[in-house]
Amino acid sequence: VWTWYPISNANWLIAHPKISPMFWTAAQGAATLPTAAIGLAAYAAMTESSTSLWEPTPTHFFIGVLFLGIVCSWLAICFWNDMSRRLTPALGGQMIIFETIFAVIYAHIMRQALPTTLMSVGMVLLLAGVFASVRVFHCTKIKAM
């Protein structure tokens, strides 16, 4: 799926230049909302705990959901869709690595811990690979001109 999606999404956006990346993102979000609602309802029905899903701090829960929904989902996908129009699928597909890196960073922030040396080396190597690819694509584009 992570190989198929960047290529299909980029091809669709390029084939439909009149559709803005922001509109396309909103359409994708609207399509996934019912699935998320059904998943939440199923989880609530299967949970044996008598406490609410958002207890003990409902305010933190709703602020977190709004932040994740607006910044980490909608805004991030807007940027992704805009990038999909600008980069070739071969290069754009590599940008998914940033999702993994930020997930590791966010998890360590929540744990209030630093990543291990091996994790840090791995993230640096992943980033170096993406930056090297960007450089190769850039140099190839300059030579083609």
[atom2] on [Y] to [atom1] on [X], rounded to 0.5 Å:
X	Y	atom1	atom2	answer
Leu91	Met83	CG	CE	8.5 Å
Leu127	Ile97	CG	CD1	8.0 Å
Leu40	Thr35	CG	OG1	12.5 Å

Common cluster, [X]/[Y], ILVMFWY with side-chain heavy-atom separation under 4.5 Å:
X	Y	value
Phe79	Met95	no
Leu75	Met22	yes
Phe102	Val124	no
Ile105	Leu126	yes
Phe137	Phe98	yes

Under 3.5 Å donor-acceptor, Thr32 side chain and Gly29 backbone |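 Yes; at least one donor-acceptor contact below 3.5 Å.
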Residue pairs involving residues 94-110 (criterion side chain to side chain donor-acceptor pair (under 3.5 Å); sequence neighbours excluded) =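 Qualifying pairs: Gln94-Ser133.
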Ser84 to Ile14 - nearest heavy-atom pair and separation =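 So the two residues come closest at O-CD1, 4.2 Å.
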Might you point out which heavy atoms bring Arg85 and Pro21 nearest each other, and give the distance in Å?
->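 Closest pair (atom of Arg85, atom of Pro21, distance): NH1-CD, 3.4 Å.
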Check the surroundings of atom CG in Leu118: do more than 12 heavy atoms from other residues, nucleotides or ligands lie under 6.0 Å from it?
->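 Not buried by this count: 12 neighbours or fewer within 6.0 Å.
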Give a yes or no on whether Leu114 atom CG has more than 12 heavy-atom contacts from other residues, nucleotides or ligands under 6.0 Å away.
->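 No - once you tally the heavy atoms of other residues, nucleotides and ligands closer than 6.0 Å, there are 12 at most.
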Could you pull out all residues at least two apart from Trp12 that satisfy ring-ring contact (aromatic ring centres under 6.0 Å, His included)?
->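 Here the qualifying residues are His16, Trp24.
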Taking C-beta and beyond as the side chain, do [X] and [Y] meet within less than 4.5 Å on heavy atoms?
X	Y	result
Pro115	Ser120	yes
Arg86	Asp82	yes
Trp80	Thr25	no

